[in-house]
2 protein chains.
Amino acid sequence: MAVEMTPSQALGLWHAVSLEQVRAESNDLSLRQMAILLHIYLVPPPHTVRALAATLGVTKPVITRALDSMGALGLVDRVRDEKDRRNVVIKRTLKGALYLERLGDRIIDRGRQLPV
Amino acid sequence: MAVEMTPSQALGLWHAVSLEQVRAESNDLSLRQMAILLHIYLVPPPHTVRALAATLGVTKPVITRALDSMGALGLVDRVRDEKDRRNVVIKRTLKGALYLERLGDRIIDRGRQLPV
DNA sequence: CGAGATCGTTACGCAAGCGTTTCGATCGTG
DNA sequence: CACGATCGAAACGCTTGCGTAACGATCTCG
């Protein structure tokens, strides 16, 4: 069963969640960082820099920098691939999982509160 | 009737829309800018810099700068309030409405394609 | 074994956003 | 009419992210 919304509900949902996200989390991930984080946690591993860059349609340094900053926040981790030591495998963390769990809760809450 | 979602659907929706937004729009609004834009278009006017700052929980220069950059993109407009010339009233534009219409379409489409 | 391809990272110069502080313009009120 | 309050914007120094172009490390394969 898919999620059905009217245009007003769709934008209202985005509005309410964005607003609460801005107010609640001071660390303010960019849209790109958010897309990367969600991709890492929702798509089956393994994840590499190159594959993420291709998926997002951006250059590799963008991914490297995003992993730098999100790694500093403890949201993701990097491990060298021992099978092919050129690769870096991106790992999930407990903190990252909790961060996305909070986001998911906000989306569900706000969705529930939307008018018809 | 509210919008009901499972945790997996909520994050899946955010993931799919963020990903498509990154790939489609090169101009990459920040989360704050997006929240401001949605607020201007979804909440009844008038909107002022000060009120927006209070709503978002940020300082006034943040709003000024966001309006600068989104104004340069044609997504919003600024008009001096003739009743109280200290105020600036933020106006919607056709381009901004179309931008959000595209976003709304993406949200609806991705919501529809979500698995159970 | 060695030349070329591929991996992620780093270096570089630049643009954009931040928070704090200050500013000019305008209003309200005594 | 003048003084204090309030509005949004500008100035300042700083941090972060960008795209392009390189780089060292590692793998592949003739």
Side-chain angles (χ1 to χ4, degrees), chain A residues 18-19 21-40 45-92, chain B residues 18-19 21-40 45-92:
Chain A
S18 297
L19 209 57
Q21 190 74 2
V22 167
R23 285 199 278 215
E25 314 276 351
S26 57
N27 44 325
D28 211 10
L29 296 189
S30 74
L31 185 64
R32 287 179 170 194
Q33 291 171 333
M34 181 62 79
I36 294 171
L37 189 63
L38 282 162
H39 199 81
I40 293 169
H47 298 290
T48 66
V49 171
R50 177 172 176 72
L52 282 174
T55 301
L56 278 273
V58 297
T59 58
K60 288 189 296 177
V62 168
I63 306 296
T64 294
R65 281 186 295 251
L67 294 179
D68 284 345
S69 53
M70 291 194 294
L73 294 174
L75 300 179
V76 296
D77 198 11
R78 268 187 280 205
V79 177
R80 186 65 62 179
D81 181 2
E82 290 303 330
K83 301 290 180 58
D84 182 343
R85 294 185 48 78
R86 290 173 301 182
N87 289 340
V88 162
V89 180
I90 295 131
K91 299 287 189 183
R92 302 167 183 170
Chain B
S18 297
L19 208 58
Q21 190 74 2
V22 167
R23 285 199 277 217
E25 314 277 351
S26 58
N27 44 327
D28 210 11
L29 296 190
S30 75
L31 185 64
R32 288 179 169 194
Q33 291 171 334
M34 181 62 80
I36 293 171
L37 189 63
L38 282 163
H39 199 80
I40 293 169
H47 298 289
T48 66
V49 171
R50 178 172 177 71
L52 281 174
T55 301
L56 277 272
V58 298
T59 58
K60 287 190 296 178
V62 168
I63 306 296
T64 294
R65 281 186 295 251
L67 294 179
D68 284 346
S69 52
M70 292 194 293
L73 295 173
L75 300 179
V76 296
D77 198 11
R78 268 187 281 205
V79 177
R80 187 62 67 175
D81 181 1
E82 290 303 329
K83 302 289 181 61
D84 182 344
R85 294 186 48 79
R86 289 172 302 181
N87 288 340
V88 162
V89 180
I90 295 131
K91 298 288 188 182
R92 303 166 184 171

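Only this structure's heavy atoms are used, side chains among them; waters, hydrogens and symmetry mates stay out. Since the model is a prediction, treat every value here as computed from it, not as a measurement. Numbers restart at 1 for each chain; the letters A, B, ... are given by sequence-line order, proteins then strands.
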Worksheet entry | Gln21(B) side chain reached by Met34(B) side chain, heavy atoms, under 4.5 Å | yes

Worksheet item: Among pairs that include at least one residue of residues 63-91 of chain B, which meet ring pair (Phe, Tyr, Trp, His ring centres under 6.0 Å), considering only residues two or more places apart or in two chains?
Response: none

Worksheet item: Does CZ in Arg50(A) sit with more than 12 non-hydrogen atoms of other residues, nucleotides or ligands closer than 6.0 Å?
Response: no

Could you go through residues 67-79 of chain A and list every donor-acceptor pair under 3.5 Å that involves a side-chain atom there, pairing it with any protein atom two or more places apart or in another chain?
unit_1   : atom_1 : unit_2   : atom_2 : d
Asp68(A) : OD1    : Arg78(A) : NH2    : 2.4
Ser69(A) : OG     : Gln33(A) : NE2    : 3.0
Ser69(A) : OG     : Arg65(A) : O      : 3.3
Ser69(A) : OG     : Ala66(A) : O      : 3.1

Worksheet entry | Pairing residues for Asp84(B) by the salt bridge (Lys or Arg N to Asp or Glu O under 4.0 Å) criterion, not counting sequence neighbours | Arg86(B)

Fill in: ring pair (Phe, Tyr, Trp, His ring centres under 6.0 Å) pairs, two or more places apart, involving residues 48-89 of chain A
none

Worksheet entry | Residue list, side chain to side chain donor-acceptor pair (under 3.5 Å) with His47(B), at least two apart or on another chain | none

Worksheet item: In residues 76-85 of chain A, which residues come under 4.0 Å of DNA chain C by heavy atom?
Response: Arg78(A)

Fill in: Where chain A begins and ends its contact with DNA chain D, read 5' to 3' at 4.0 Å from heavy atoms
dG17(D) to dC27(D)

Worksheet entry | Degree of bending, the helix from dC1(C)-dG30(D) to dG30(C)-dC1(D) (end axes from five pairs; round to 10°) | 10°

Practice prompt. Could you tell me whether the side chain of Arg23(A) and the main chain of Val58(B) form a donor-acceptor pair under 3.5 Å?
Written response: no

Practice prompt. Could you pull out all residues at least two apart from Ala35(A) that satisfy side-chain contact (heavy atoms from CB on, under 4.5 Å)?
Written response: Leu56(A), Ser18(B), Leu19(B), Val22(B)

Practice prompt. Hey, could you give me the CD1/OG1 distance between Ile36(B) and Thr55(B), rounded to the nearest 0.5 Å?
Written response: 10.0 Å

Discussion item. How long is the straight-line distance from CD1 of Ile40(B) back to CG of Leu52(B), given to the nearest 0.5 Å?
Written reply: 5.5 Å

Worksheet item: What are the residues of residues 50-66 of chain B, sorted by number, that bring a heavy atom to within less than 4.0 Å of DNA chain D?
Response: Arg50(B), Lys60(B), Pro61(B), Thr64(B)

Worksheet item: Can you tell me how far the CG atom of Leu37(B) sits from the CZ atom of Arg32(B), to the nearest 0.5 Å?
Response: 15.5 Å

Worksheet entry | First-last contacting nucleotides on DNA chain C - partner chain B, under 4.0 angstrom, heavy atom | dG17(C) to dC27(C)

Discussion item. Any non-hydrogen side-chain atom of Val49(B) less than 4.5 Å from a side-chain atom of Thr64(B)?
Written reply: yes

Item to complete: Check whether any side-chain heavy atom of Arg92(B) lies under 4.5 Å from a side-chain heavy atom of Pro45(B), and answer yes or no.
Response: yes

Worksheet item: For Arg85(A), which residues count as a side chain to side chain donor-acceptor pair (under 3.5 Å) partner, sequence neighbours excluded?
Response: Glu82(A)

